[in-house]
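These values consider heavy atoms only, across backbone and side chains, with no hydrogens, waters or symmetry-generated copies. Letters go in sequence order (proteins before strands), and every chain restarts at 1.
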Amino acid sequence: MSKRYTITAALPYTNGPIHIGHLAGVYVPADIYARYLRGQGKDVAFICGSDEHGVAISLKAKKEGKTPQEVIDQYDHLIRTSFEAFGICFDNYSRTSRPIHHKTAQEIFSILDKKEVFEENESEQLYDPEAKQFLADRYVTGTCPVCQFAEAYGDQCESCGSSLSATDLINPQSTISGSEPVLKKTKHWYLPLDRYESFLEEWILKGHQNDWKPNVYGQVKSWIDNGLQARAVTRDLDWGIPVPVAGAEGKVLYVWFDAPIGYISSTKEWAAEKGIDWEPYWKDKETQLVHFIGKDNIVFHCIIFPVMLHATGGYILPENVPANEFLNLEGQKISTSKNWAVWLHEYLEEFPNQQDVLRYVLTANAPETKDNDFTWEEFQARNNNELVAIYGNFINRVVVLTHKYYQGSVPSAGSLHLEDEKVLSQLAKFPDKIGHSILQYRFREASQILMQLARLGNKYLADAEPWKQIKTDPDRVAAIMHTALQIAAGLAILSEPFLPFTSKKLIQMLNIEPLQLTWETIRQKKELIPSEHQLNEAQLLFQKIEDAQMDQQREKLKLNDTKASGKTSTIPPIKPITSYEDFASLELKVAEITAAKKIKKTKKLMEIHLQVGAEFRKVVSGIAQDFEPSELIGKKVTLLSNLSPRTLKGVESKGMILLGENEEGGFVFIQPEDTSVASGSSIE
RNA sequence: CGCGAGGUAGAGCAGUGGUAGCUCGUCGGGCUCAUAACCCGAAGGUCGCAGGUUCGAGUCCUGCCCUCGCUACCA
């Protein structure tokens, strides 16, 4: 095993609070890993911080009439306190807006610049003459050149899913001033990833074929196999870290260039406070660097950041990047805008002192190999059937019986029977079993092994039946209770990475803090609690969760959902008046849907077959998220029939079905109310 | 035909050529110190679909379907 560990957890982006998906995907597994290694006496730096640059933050600030600083301060505080409350034990949680980070990021940029790693390229970009700034990505909207959708963004069309470049947009419009942008030359610095293909092949494809998770390895392989392209690492924005070279005035580092450097600056900040050297944590070959992230971040952590580190020189590369998949909530994707989420700060209010329950449920059901679903039903079941009934119940039986028979003083073992020895030997194997799973990043499995230990304790008690023996053989009972208490103590220690609050409570209850127990003590099968050791009073570790509480949570989700989406549906202003001739040139007809099917590989597009009078035709419509194909058949709709045909995803669309938007932001048909209107009739 | 990952009991997962398993849930029985644990038993699977290789396929090959990501405020 390595000498030293640098563990990073994805930097949360400070434009919103964090929810259970973040916790399950990144922070809980990283926390378990860090706590475990510390428990083995390893030198660990568990590093994180707020990611506070990027377009999304300045956009959000503008929208809310705040400064970017106010936005990031607000969410940094919220996120920071949520992590703390959930016991995520970062050694340091920094912010990318701090001077130390600006300095570190600029230094790395300067080194790369000096080494002539970057390619500099001038290109024509959209520029807003009114706001006097370049318009990147989401600062510009316009008509999609692929599907004609009128409100496509500069980086992507949300209607057809095409990935766009801002200069491709037809009739582009600045989202800042609303004015029409002009083309203007600007220079940018590019990281030539293509030049590092052989380095990546050697390092990842050959070096980590067997120890990286299939989802991570497969994703990286596909990127490399398809050929990498140079990526711009600078942007024309006013919110971010100034590019520290001549000729780059008014430019900032691209947020994805500066964010991962945040791990380094956060380490520096921590080391400085501790009065130690930060460099070994990033430069010593005997340090193991591990990035915990969600699957959407794979490219940045496996390709871009390692290339940056490699090109800068002297840095170690990640040993592993155990990216998790995503967690859904009650069958639907977690969505910030739809408020379909369980927010950590709200959970803390609604389930006070039950952080471990959520930690446990998210670990036991972590999206390690595929997307998983979080349901309140499962949350309740795991709490009531596992934490309360198995873990909590075992502890309660042991402590209550010890108080009943021995006034809370640990009885002396006397001579142990074979079954006692057996169970103690099994206990000694748990540290390695759990540790093995954790080191393989199989936290789900590890949590279940822990639960097996509590099961073992329950079974041992049930088999030994001290409550019967007490009447006939008190010496035997002393040995049994002594043994059962060893298991309880073992559970207290081994639970720590998973259930830190419970572990603490249990340690307090068993009064074993002064005994300085470790995983190694258990492994060596030493006596964990000695005879005559005095326990504290029994208290319940977990509480049952009632159905009513779960119903409340489900209700709340539903309420939030409709409320939030209602808010997003705004009535657009009336467009400039048009002439009758323009209107008359449009042909509206009644059409009947004869067939419909979803178009593969798209989210919104549906291929719809229509009968318009005697004519049959096909249109493509972006309604797949609001309707099932089967419910469309037989419906009469209003068709704009003389729109110029257009091919979308390989399907030719002849016309456009008119749609309205309802209060929830979903689509509804503008439908001829009178069913007697024949298909093919004109609408005037 | 863009690429990647996943699809195994109601839920969550393990299982890479040899009798389909584990945990939770459900049903029946036993036991009772405890917030009903533990024990015994049962039901529940055409291993996404179709074809192929093989004595033998959840596992290997080919084609297809679905979900998610790469690509959105989101890990």
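Rounded to whole angstrom, the span from the CD1 atom of Ile298(A) across to the P atom of U71(B) amounts to 11 Å. Regarding Lys60(A), its NZ atom lies at a distance of 12 Å from the C1' atom of C74(B), rounded to whole Å. Nucleotide G30(B) holds its P atom 19 Å from the NZ atom of Lys459(A), rounded to whole Å. For the pair Leu228(A) CG and G2(B) P, the interatomic distance rounds to 21 Å; values are reported in whole Å. Rounded to an integer number of Å, the gap from Ile487(A) CD1 to A37(B) P is 18 Å. Rounding to whole angstrom units, CG of residue Leu461(A) and C1' of A37(B) are separated by 9 Å. In this structure, the CH2 atom of Trp223(A) is 10 Å from the C1' atom of U71(B), given to the nearest Å. Whole-Å rounding puts the Lys404(A) NZ to A34(B) P distance at 5 Å.
With a 3.5 Å ceiling on both atom-pair distances, G44(B) lacks any Watson-Crick or G-U wobble partner. Across the strands present, A34(B) finds no partner; the criterion is a Watson-Crick or G-U wobble pair with both atom distances under 3.5 angstrom. Within the shown strands, G21(B) is the pairing partner of C13(B) under the Watson-Crick or G-U definition, both distances less than 3.5 Å. G2(B) is paired with C70(B) under the criterion used here, namely a Watson-Crick or G-U wobble arrangement in which both key atom distances are under 3.5 Å. Remark: G51(B) base-pairs with C61(B); criterion is Watson-Crick or G-U wobble with both hydrogen-bond distances under 3.5 Å.
RNA chain B is contacted by both Val398(A) and Ile334(A); Val398(A) maps to the nucleotide lying nearer its 5′ end (nearest heavy atom per residue). Ranked by how close their nearest RNA chain B nucleotide is to the 5' end, Glu445(A) and Asn385(A) are led by Glu445(A).
For Asn393(A), the side-chain atoms get nearest to A37(B) when compared with the rest of A75(B), A37(B), C33(B). Ranking C74(B), C68(B), A37(B) by closeness to the Asn15(A) side chain, first place goes to C74(B). Taking every side-chain heavy atom of Lys468(A) into account, U32(B) is the closest of C3(B), U32(B), C74(B). Closest to the Ala462(A) side chain, of the nucleotides A75(B), C38(B), C24(B), is C38(B). Among C24(B), A34(B), C3(B), the nucleotide with an atom closest to any side-chain atom of Ile390(A) is C24(B). Set against C73(B), C31(B), U23(B), the side chain of Arg455(A) has U23(B) as its closest nucleotide. The nucleotide whose nearest atom lies closest to any side-chain atom of Val26(A) is, among A75(B), U35(B), C38(B), A75(B).
No engagement by Ala381(A) is indicated, since no non-hydrogen atom pair under 4.0 Å with the nucleic acid exists. As judged by a 4.0 angstrom heavy-atom cut-off over every strand, Val388(A) is placed among the base-contacting residues. Within 4.0 Å of Gly21(A), counting heavy atoms only, lies at least one base atom of the nucleic acid. Heavy atoms of Phe394(A) sit nowhere under 4.0 angstrom from any nucleic acid atom. As judged by a 4.0 angstrom heavy-atom cut-off over every strand, Leu23(A) is placed among residues making no nucleic acid contact. Contacts of Leu541(A) with the nucleic acid, taken as non-hydrogen atoms under 4.0 Å apart, include base atoms.
On the C1' atoms, U53(B) is 27 Å away from A14(B), given to the nearest whole Å. Comparing the C1' positions of C70(B) and C13(B) gives an interatomic distance of 26 Å, to the nearest angstrom. As rounded to the nearest Å, G4(B) and U71(B) have P atoms that lie 15 Å from one another. Look at the C1' atom in both U59(B) and G21(B): the space between them is 14 Å, to the nearest Å. Using atom P as the reference point in both U32(B) and C39(B), the two lie 16 Å apart (nearest Å). For the C1' atoms, the distance from C55(B) to G17(B) is 12 Å, rounded to whole Å. When the P atom is compared between U8(B) and C49(B), the two are found 10 Å apart, to the nearest whole Å. Comparing the P positions of G10(B) and U19(B) gives a spacing of 23 Å, expressed to the nearest Å.
Donor-acceptor pairing under 3.5 Å is lacking for the side chains of Arg382(A) and Asn365(A). Of the N and O atoms on the side chains of Asp211(A) and His208(A), at least one donor lies less than 3.5 Å from an acceptor on the other residue.
Relative ring orientation between Tyr27(A) and Phe83(A) is described as tilted, the plane-to-plane angle lying within the 30° to 60° band. Between Trp256(A) and His301(A), the angle of the ring planes goes over 60°, which puts this pair in the perpendicular group of the 30/60° scheme. Ring geometry, Phe443(A) versus Tyr33(A): the interplanar angle exceeds 60°, so the pair is classed perpendicular (tilted spans 30 to 60°).
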**Working for ring-ring contact (aromatic ring centres under 6.0 Å, His included), residues Tyr263(A) and His291(A)** = CA-CA 10 Å; Tyr263(A) 299 137; His291(A) 296 308; 5.4 Å; yes

**Request:** In sequence, state the C-alpha distance, the side-chain angles, and the governing distance for Trp376(A) and Phe351(A), and then conclude on ring-ring contact (aromatic ring centres under 6.0 Å, His included).
**Result:** CA-CA 13 Å; Trp376(A) 284 111; Phe351(A) 298 88; 5.6 Å; yes

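Counting heavy atoms of neighbouring residues, nucleotides and ligands inside a 6.0 Å radius, atom CD of Glu377(A) does not exceed 12 of them.
Taking 4.0 Å as the cut-off between side-chain N and carboxylate O, Lys295(A) and Glu325(A) count as a salt-bridged pair.
Judged by the 6.0 Å and 45° rule, Lys213(A) forms no cation-pi pair with Tyr441(A).
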**Item:** Base-contact (B) and sugar-phosphate-only (S) positions in nucleotides 5-13 of chain B, heavy-atom cut-off under 4.0 Å, - elsewhere
**Value:** SS-----SS

